[in-house]
Asker: 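One structure follows; several queries about it will come next.
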Amino acid sequence: MIELRALLPHAVLIGVGLLVIALDILHVRRRFCCLGAITAAGAFLVLVLDWQGPTAALWQGLAATDGFSRAFDTVFLLSLAIVAIGSVGSEKCAVYAGEYFGVLAFSTLGLMLAASATSLLALYIGVELTTIGLMGLVGFAKTEKRSAEAAVKLFVVGAVASALALYGAGIVYGVAGTTEYHRVVEALGTGREGFPWLMWLGLACVIAGLGFKIAAVPFHLWAPDVYEGAPTAVSAFISTASKAGGMAGLLRFLVVALGHAGDRWLPIVVVLSLGSMLLGNLAAIAQTNFKRMLAYSGIAQAGYMLVAVAGAWAPSSTMAVSAVVMYAFLYAFTNIGGFLVAHAVAEATGSDDIAALRGLHKRSPFLALTVLVVLFSLGGIPPLAGFVGKLYLFAAGWDGGQVLLVSVGAGISVVALYYYLRVALEAYIKDPDDASPLPLARPVGVALAVCVLGTIAIGVYPRPWVSLGEQAAKALAPSLPARASVGTPEKPTLTGAGRVLPNRS
Amino acid sequence: MSVLAPTADPVLWLIVLVPLFMAVVAGILALTRRLEGAAPYLTSIGTGIAGLVALTHRPSRTHGYLGHVDVSWLQVWDRFHIALSVHLDHLAWVMVGVVCAVSLLVQVYSIGYMRGERGYARYFAYLSLFTASMLGLVVADNLFQLYVCWELVGICSYLLIGFWWHKPSAASAAKKAFVVTRFGDVGFMLGLLFLSVAAGSFGFTDVQHAFARIGSGAQQASTLMSNEVFLWVVPLLLFCGAVGKSAQFPLHVWLPDAMEGPTPVSALIHAATMVAAGVYMVARLIWLFTWSSVSAPLRGPLAIPLDVILVVGAVTALIAATIALVQNDIKKVLAYSTISQLGFMMMALGAGNTAGQATSMFHLVTHAFFKALLFLAAGSVIHALHHAPDPNDLRYMGGLRHRMPWTALTCGIGVVALAGLPPFSGFWSKDAIAGLLMERAGWFGHRMSPEGVLQLGADPDVASFGAVVALVVTVLTAFYAFRLWFLAFAGTPRSQAATQAHESPAVMTLPLVLLAVPSVFAGWWLHHNSLLEAYLTNEHGAPMHLTVAVVATVLALAGAAMAVRLYLKPSSGEDPVCGMPRPLYALFSNLWYVEAFWSAAVAPTLLKLGSTVAWADRNIVDGTVRATGRGIVRVGYEVRRMASGQAQSYATVIVAATVAVIVLLVLYEAAASGGMP
Amino acid sequence: MIGLQHYLLVSAALLGIGAFGALTRRNAIAVLMGVELMLNAANLNFIALWRFLTPYSMEPQVFVLIGLTIAAAEAAIGLAVVLNIYREYGTVNLDKIAELKG
Amino acid sequence: MGGWIVTLTVLAPLTASLLLLVLPASRGLLVRLVAALGAGITLPASLWLCWTYDLRKGGFQHELRIPWVPSLGIGYHVGVDGISLSLVLLTSLVITFGVFASWTQKTRTKEFLALLLLLVSGVFGVFVSRDLFFLFLFYEIAVLPMYLLIGVWGTSSKERTKEHAAMKLTLMLLGGSAFILVAILAIYFVQPVRSFDLERLATTRYSPDFQTWAFLLVYVGFGILAGIWPLHTWSPDGHASAPTAVSMLHAGVLMKLGAYGVLRVGVGLMPEGAQHWAMLMGCIATVNILYGAMSAMGQTDLKYVIAYSSVSHMGVVMLGLASLNPVGINGSVMQMFSHGIMTGLFFAVVGLIYEKAHTRDTTRMGGFARRMPGIAVTMTVGGLASFGLPATSGFIAEFLSFYGMWLRSPLLALLAVGGIVLTAIYVLRIIQRVFLGPFNESNYADLRDARTTEWPAIVALALILLVVGLWPRPLVRMIDSGIRTALPWVQTTQVAQYPGRDVGQR
Amino acid sequence: MSSIHLLAFLSLCVLTLVPAVMVVTTRNLVHAGFWLLPCLIGVAGFYALLEAHVFVAVQVLIYVGAILVLILFALMLTRDVMDPKEPQTNRLVWWAAGSCGAAMLITAHILFHHPWRTTGMVPMPAAQQTAELGRALIGRYAMPFEVASVILLAALVGAIVVARGPRRDAAASIPAGEDRP
């Protein structure tokens with residue numbers, strides 16, 4: 001019974017998806033707007049149900065609803081709601097509104113499953129549901145050649161990654177005899193022989209599948225093309241919710257199933273993180289397309305999140321999960337805002353190049369302000385959310401002894417600012433060639449306002465989000481007996497950092 | 001070294017504050033249009049009050065006056081504490097008198113001279129500010145205050161030289177004066193730091209004690225240097241300041257240019273008082289220089305700071321005098337003569353000890369009067385000739401004694417005093433200096449006075465050099481002084497303007513007359529019973545050496561006679577001084593190439609250094625920054641090419657990366673666990 | 001004796017061959033074929049492991065079932081995507097579908 | 001009460017800034033008045049703080065603590081001591097007059113003022129923060145608006161566009177904050193209690209090894225904003241390109257954030273690290289002084305001269321700091337104050353000149369004193385303070401810094417003192433070129449002296465320079481009380497020869 | 001038994017892998033499509049050999065019956081752009097061959113060095129197995145199974161929209177949020 005209640009949000013979300021498809025078929029008046037609103041409302045309903053629901057193991061232990069899943073579900077559902085409202089301005093998808101929102105809802109369901117998954121089976125199902133849904137959504141812009149290309153690329157890369165992941169799941173099964181995390185822990189034991197080479201094989205393949213999902217280097221190359229080609233709202237969803245979903249899956253897999261083998265997977269995560277931060281930021285410099293730039297920036301952001309994930313290797317680390325949760329939140333607000341600005345500008349000017357933003361401050365002060373908030377938040381400038389979030393991520397990384405990653409991350413953030421500021425230059429500093437006011441559909445405006453407010457709110461008063469993250473961390477904590485509580489001085493020794501002399505009188 | 005038992009009297013603050021206040025008031029008046037005329041009266045009264053206060057507080061040798069002590073000006077923790085106070089001892093008292101007197105007369109004179117000038121009140125504000133600073137310097141009780149006022153005097157001089165700022169030459173001269181003296185000030189400041197850190201205090205007495213302790217080896221001077229080096233370096237550093245301020249070789253180049261300022265300014269600050277600051281400072285710290293020679297590790301030429309002072313003074317005196325020979329600008333002649341006389345004072349100080357102090361102060365006082373007189377007279381002439389193509393040029397003058405009898409007369413007195421002919425004031429003081437040097441040189445038989453080691457002064461050989469220079473310069477001085485007078489006042493007018501010149505108004509001639517009086521009598525009066533010397537030093541001054549007096553007088557007369565012979569008759573042709581040997585003339589008229597050295601070597605080098613550093617900053621330091629930026633962007637463009645657009649290449653990367661991760665990890669594990677399982 | 005390793009080896013070979021096809025075929029439909037081979041390999045992997053390790057566990061079987069479903073779903077969406085691209089570009093040659101890059 | 005007043009200095013500009021965003025841009029006067037109010041209210045507030053600060057008690061007063069994210073040890077904790085109080089006072093002075101200086105700003109006034117106030121709010125925040133997290137947060141808030149302020153309202157010079165300058169400035173400064181970030185995390189994690197509160201952090205004694213490298217990070221990170229050589233190159237271009245009020249604030253106040261950070265975070269928390277690197281700091285500071293002055297000599301653009309002079313003067317700040325003794329640090333903070341006022345004055349004056357003469361090329365100027373005597377006088381006063389003339393605040397600051405450094409390393413002090421000549425050279429040269437000499441009537445027919453709203457800034461700033469120079473005791477007492485409690489150990493620092501007896505007389 | 005098993009295994013290997021290689025290398029894509037058939041059947045054969053009887057049927061039904069047909073259908077649809085004379089491989093051949101070869105090698109290496117803990121147990125007979133699977137699918141694994149249906153639904157909806165031609169009549173002209181005519 002508890003399980004059924006816990007499953008209620010998932011079921012309702014399926015219902016919402018089916019409902020909008022059905023309503024579309026029934027020719028509801030003011031379709032697009034209406035369906036978007038219904039989807040958003042549905043998302044909120046699901047959110048409420050989710051939070052009302054019990055903490056329980058689902059599917060007899062294959063998945064679970066707990067603080068962790070609820071925190072991430074909130075990210076997904078908020079993203080869904082904002083994207084649903086923000087999509088309303090989009091002509092390109094207007095024709096297939098029902099299908100659009102329906103598949104979006106199904107993808108969200110997949111993400112929720114991924115966050116709840118406590119077995120590779122559930123994780124795989126969730127991730128695939130999302131990927132397959134998104135493969136369709138990316139191709140939804142029927143008038144856009146790029147949309148078709150993006151879809152085919154996502155399909156090719158996604159299919160290979162998915163096959164790899166499935167193979168990897170098989171290997172993990174081969175090692176442990178199961179893919180349920182808590183039983184994997186038991187099967188592996190804590191010793192060195194408990195982690196045979198075969199596990200490397202499985203681990204690498206699973207991480208490849210999830211790395212594709214979070215667009216971490218070297219699994220990232222699809223992202224810029226897909227983000228650029230996809231309908232902008234869909235890009236927003238992929239870049240935030242889908243990335244967060246992958247991150248949630250990865251985090252739970254690594255921390256719960258392989259929590260004792262942190263030193264084993266740490267090098268992989270470190271390499272991914274380093275590569276993502278460096279390549280993502282460097283490649284973003286050279287971009288002229290705004291969405292593409294956001295894509296590369298998103299790759300880099302994934303790298304930042306991986307810093308915290310890398311920090312989670314150490315049994316004593318306390319912040320990693322919480323930091324990732326919080327960052328997923330703020331990144332959703334911020335990046336959806338960014339894409340929606342691109343969306344609004346593209347609707348009006350027909351171009352999503354950075355140059356199309358030129359003189360935005362004259363054409364639409366609100367959009368200009370939004371883009372500033374978004375860019376500065378991404379760049380980690382206070383008092384916006386990105387600042388606190390990144391600090392938290394780095395703190396988590398440091399907590400796990402990842403001094404190198406933190407240093408590189410801090411340094412490369414400066415490079416990142418270069419391209420963020422270049423956009424700010426176009427949008428806010430330069431004067432437009434054509435100063436006519438830029439029309440902004442009201443729903444998009446509302447969505448943007450939510451994004452901006454969210455970004456600022458998290459930045460100014462991060463406490464609720466931090467505690468949300470801490471709840472999520474607590475949900476994963478029982479599987480980590482060695483995890484120390486806040487305030488213990490023990491931590492991995494750094495050069496010269498570890499020793500603490502007695503207090504001065 | 002006298003021990004003073006000071007009497008505290010806050011009234012002494014008035015010496016500094018009243019002129020300062022008047023400067024502020026005049027400055028405010030300068031902002032108005034109507035009340036400008038009141039400024040000179042206010043500032044004159046201010047200076048007068050300062051003088052009166054000083055007069056009523058005449059300290060004796062054993063009894064100084066101290067201003068209010070407890071003015072804590074700056075305090076850092078408990079250790080570093082600067083309190084302001086004024087201290088009127090006998091040395092300061094003399095100096096205050098000179099400053100006030102000259103300043104007052106110059107201000108009165110300026111009422112007439114500057115009438116109708118733009119910035120009339122501003123001018124008097126500057127003058128008064130200058131007076132205040134100079135008085136502050138004189139009555140300073142510690143090194144810090146001395147330095148503060150020292151700099152303020154400098155900036156006042158900047159403001160006054162650049163008073164006619166719209167003239168590019170004046171603007172440049174002002175800048176030059178300040179910058180060149182600033183070079184010396186760096187030395188002064190360093191010396192100050194050395195000394196105050198070693199002493200843990202700025203106060204003269206503390207510093208003095210510390211210096212004695214260091215000299216006797218009771219205290220380690222500094223980690224930077226040994227006590228010996230300390231004792232040698234610190235006085236020299238301090239002396240650097242004096243070199244700048246008192247226009248000694250090689251920093252004398254600013255003073256002739258400073259004549260770009262209004263003539264009364266030249267009279268006041270570039271002849272009578274400000275340039276005397278350096279001399280005054282060395283005199284004030286004479287025990288320090290003396291001590292350094294006592295403790296000097298070795299004796300010999302230039303081994304001790306006093307030698308250096310003496311040589312610098314001598315060189316300065318000689319160079320400046322020779323240059324003065326060939327100048328045609330009336331103020332330039334006087335300027336170089338000032339430098340030369342300052343050299344004399346330095347020579348006297350170089351002789352060391354209280355005797356040197358007293359002698360140089362003696363010359364300082366007499367010189368202040370007659371040089372102020374000369375400058376004011378020159379100003380009077382210039383004022384009268386303001387229609388001439390160049391009112392300063394002696395070659396446009398001639399025969400002015402008929403048109404301007406008062407000026408001619410007073411100027412004549414000044415000239416004679418400058419030349420050092422008895423019984424005018426210059427004679428007495430110069431004679432004292434020459435005598436002192438000869439005594440130190442041992443020309444009178446006894447090399448060392450009975451007081452013993454403290455009497456040690458400059459090296460006898462160096463002193464001999466100084467004595468010789470003094471005698472030579474006496475000749476030269478007499479010559480150029482008389483040359484000046486004859487060119488200006490004798491003969492017939494050589495320009496239209498000169499024929500139409502008029503005597504200046506009474507407000508200008510009155511100060512001339514007033515200054516002429518001490519120019520005539522001050523020397524005799526002060527020398528009588530060694531008034532000043534006895535007042536300043538513990539000992540009774542050395543009696544006048546008749547031989548010296550005779551020799552000096554003869555030499556001066558010789559110089560004067562030559563000038564009379566050459567210039568008495570009006571000549572329309574070339575200036576007779578051009579007839580001297582060519583190389584010498586070139587050397588003199590080119591100012592011994594010192595000026596050229598500064599303007600052609602030092603200044604451009606500095607500026608070049610500036611532009612080089614600026615270039616390097618632009619292109620190397622900033623260039624590196626920009627190159628880094630560009631490099632990163634370029635890397636970005638390279639990285640970008642990874643995404644070729646071909647979908648399968650993306651997938652290939654994924655597969656390859658996964659395989660690579662597995663292979664690498666397995667290899668690593670294998671290596672770590674020592675082989676394949 | 002034929003053991004688990006051999007089956008797994010076949011599976012690995014199939015995966016490699018499929019991956020090779022997916023990565024190198026120009027034609028998007030041929031890529032789909034490669035992917036199907038890879039999924040087959042994964043399924044074979046599961047069945048072999050199931051047989052030799054836990055013949056009474058249903059988890060691998062369900063996994064295979066899910067894998068089959070996903071294979072079908074991917075085939076469906078993949079073919080739709082390919083048809084779409086064919087309509088837009090007039091080709092299914094992936095080398096020529098590279099307008100988005102950098 | 002006091003804590004709220006402290007908070008007011010942060011919030012008033014911020015509130016005004018937000019208010020400006022919603023005001024219609026067409027109401028020009030209203031916009032300006034709101035900005036002036038937001039900025040101006042900080043002046044009485046900071047004066048009140050100075051007035052009520054108990055010097056005898058010393059230490060941090062007017063404190064306010066609000067838990068922010070307790071689980072991470074983040075709390076809003078503000079308070080002022082003598083050091084921060086003097087800098088708060090400086091900031092409130094400069095911003096109040098800065099708003100006046102930008103009264104005539106024409107384009108996008110509203111946004112300009114909003115950003116300016118945002119920046120100022122950050123500056124106040126840094127000075128009053130007692131929490132490392134908030135300190136860093138405010139630090140970045142103070143830095144970033146510069147990009148827009150320079151980018152939008154700046155002016156390009158011949159060689160550098162304003163966009164380039166803005167970008168370089170922002171990236172270099174934020175590059176510095178990357179160092180700071182790492183250092184902050186290191187400090188946060190190395191001590192036993194998870195807290196960002198500086199008060200708590202100060203109770204830990206960090207191991208010498210840790211201090212060695214963490215201090216270096218802090219020094220480089222904050223030092224970039226303080227313009228340490230060779231990471232100063234953002235400063236000339238940035239200052240030269242920025243609009244008047246921004247240059248005033250940036251050179252005047254913002255650069256002090258860097259020095260303040262080194263002082264508060266670096267020296268304050270890691271004394272042994274500071275000791276370890278003191279000579280390096282001293283050397284770099286000396287290079288700064290000389291190099292900045294020489295570079296300034298080589299400039300013809302008025303703003304570049306001033307900008308390089310800032311590099312040079314910040315060298316004095318760092319020199320005093322590097323001395324690590326009471327005298328030097330007092331001099332350092334004093335120089336922060338003095339240079340803030342001085343350079344604020346400079347940039348205000350230069351802005352006026354540029355506005356009226358439409359050029360910054362000094363080779364094309366001359367004799368401006370004829371038409372703008374007031375500006376000439378104030379600029380000269382600034383110049384005098386700049387080369388440390390007694391009776392200006394610059395002298396006190398430089399003298400104390402040199403004196404302090406002398407106690408540590410006479411050699412460095414010796415070199416640094418040479419800077420006063422170089423400074424005099426370029427300052428007087430520039431004054432001569434601009435104001436003195438013959439005036440070209442035909443080129444500058446409509447040159448005028450300052451006008452109504454332009455007077456207060458330059459006159460007041462010049463007067464402050466003089467007043468502090470003539471009577472430095474109150475300010476130094478305040479600063480000293482701060483140093484006394486914040487860095488009690490500096491007194492016991494064994495450096496060269498610290499005078500054992502009272503310095504001063506009798 | 002074991003020799004039959006071996007023989008079956010080897011022949012299935014040939015039946016599976018050789019066609020698999022042909023699938024990925026044949027220039028003629030229609031041929032490649034047809035090569036897929038023996039390959040998939042070979043996999044089904046492996047399932048039979050491994051006594052996973054249900055999946056033999058499922059494999060044949062879904063792969064051969066559905067997916068393969070779908071693929072062939074698509075191949076036919078896009079046949080006009082295929083030129084069998086052109087090489088059907090892109091420039092990544094060597095990279096791909098390298099990575100795939102390395103993958104196979106390393107996998108083989110690891111597989112043969114892994115200490116497999118195989119059980120001697122024999123799977124249930126076919127009927128029971130099917131029943132067990134059915135029970136699992138409505139029992140513990142009901143939800144995953146349901147979600148799989150959602151996957152199919154999402155794929156179908158997506159596929160329909162993507163594959164359908166653009167509604168030229170409507171697409172370009174509808175303003176945001178307005179009614180469709």
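Below, chain A is the first sequence line, B the second, and so on; all start at residue 1.
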Asker: Is A/L164 close to chain B through its backbone or its side chain, or both, or neither, when contacts mean heavy atoms under 4.5 Å?
Answerer: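 Just its side chain gets close to chain B.
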Asker: Give, as side chain, backbone, both or neither, the part of A/I268 having an atom under 4.5 angstrom from any heavy atom of chain B.
Answerer: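 For A/I268, the contact with chain B is made by the side chain alone.
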Asker: Locate the shortest heavy-atom distance separating B/V653 from A/P218; write the atom from each residue and the value.
Answerer: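 So the minimum-distance heavy-atom pair works out to CG1-O, 3.3 Å.
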Asker: State plainly whether the residues A/K153 and A/E228 are in salt-bridge range, i.e. N to O under 4.0 Å.
Answerer: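 No salt bridge links A/K153 with A/E228.
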Asker: What residue, out of A/L201, A/N281, A/V271, has the most heavy-atom pairs lying under 4.5 Å from chain B?
Answerer: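 The residue among A/L201, A/N281, A/V271 with the greatest pair count is A/L201.
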Asker: Do A/S162 and A/Y124 have side-chain atoms, one donor and one acceptor, less than 3.5 Å apart?
Answerer: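 Yes, because at least one side-chain N or O of A/S162 sits under 3.5 Å from a partner of the opposite role on A/Y124.
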Asker: How close do A/A302 and A/I214 get, heavy atom to heavy atom, and via which atoms?
Answerer: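 Minimum heavy-atom contact is CB-O, 3.5 Å.
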Asker: Let me know if A/Y419 has heavy atoms under 4.5 Å from chain B in its side chain, its backbone, both or neither.
Answerer: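 No part of A/Y419 comes within 4.5 Å of chain B.
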Asker: Using a cut-off of under 4.5 Å for heavy-atom pairs, which of B/G645, B/A651, B/A657, B/A643 has the most such pairs with chain A?
Answerer: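 The answer is B/G645.
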Asker: B/R641, B/Q648, B/M642: which one forms the most heavy-atom pairs within less than 4.5 Å of chain A?
Answerer: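 The candidate making the most pairs under 4.5 Å is B/M642.
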Asker: Does A/F253 reach the side chain of A/L203, with side-chain heavy atoms less than 4.5 Å apart?
Answerer: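 A side-chain contact under 4.5 Å exists here.
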Asker: Where on A/R422 is there a heavy atom nearer than 4.5 Å to chain B: the side chain, the backbone, both, or neither?
Answerer: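 No part of it gets close to chain B.
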Asker: Between A/I207, A/V152, A/D225, A/V160, which residue shows the highest count of heavy-atom pairs closer than 4.5 Å to chain B?
Answerer: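 That would be A/D225.
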Asker: Locate the shortest heavy-atom distance separating A/M277 from A/G303; write the atom from each residue and the value.
Answerer: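 So the two residues come closest at CG-C, 3.6 Å.
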Asker: Could you tell me which non-hydrogen atom of B/R640 sits nearest to which non-hydrogen atom of A/Y296, and how far apart they are?
Answerer: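 Nearest pair, atom of B/R640 first, then A/Y296: O-OH, 4.4 Å.
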Asker: B/E638 and B/R634: salt bridge (Lys or Arg N to Asp or Glu O under 4.0 Å), yes or no, with the steps?
Answerer: CA-CA 6 Å; B/E638 289 301 315; B/R634 186 162 303 160; over 6 Å; no
Asker: Provide the closest heavy-atom pair for B/A30 versus B/R122 in the form atom of the first, atom of the second, distance.
Answerer: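 For B/A30 versus B/R122, the nearest heavy atoms are CB-N, 3.7 Å.
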Asker: Which bit of B/V661 comes within less than 4.5 Å of chain A, counting heavy atoms only: side chain, backbone, both or neither?
Answerer: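 Contact with chain A involves the side chain of B/V661 alone.
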Asker: Looking at every heavy atom in both B/A140 and B/L146, which two are closest together, and how far apart are they?
Answerer: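 Minimum heavy-atom separation between B/A140 and B/L146: CB-N, 3.6 Å.
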Asker: Could you name the residues of residues 622-631 of chain B that have a heavy atom within less than 4.5 Å of a heavy atom in chain A?
Answerer: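 Counting heavy atoms that sit under 4.5 Å from chain A, no residue of residues 622-631 of chain B is involved.
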Asker: Contact part of A/F155 toward chain B, heavy-atom cut-off under 4.5 Å: side chain, backbone, both or neither?
Answerer: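 Neither part.
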Asker: Once rounded to the nearest 0.5 Å, what's the spacing between atom OG of A/S239 and atom CD1 of A/I299?
Answerer: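 With rounding to 0.5 Å, OG (A/S239) is 11.0 Å from CD1 (A/I299).
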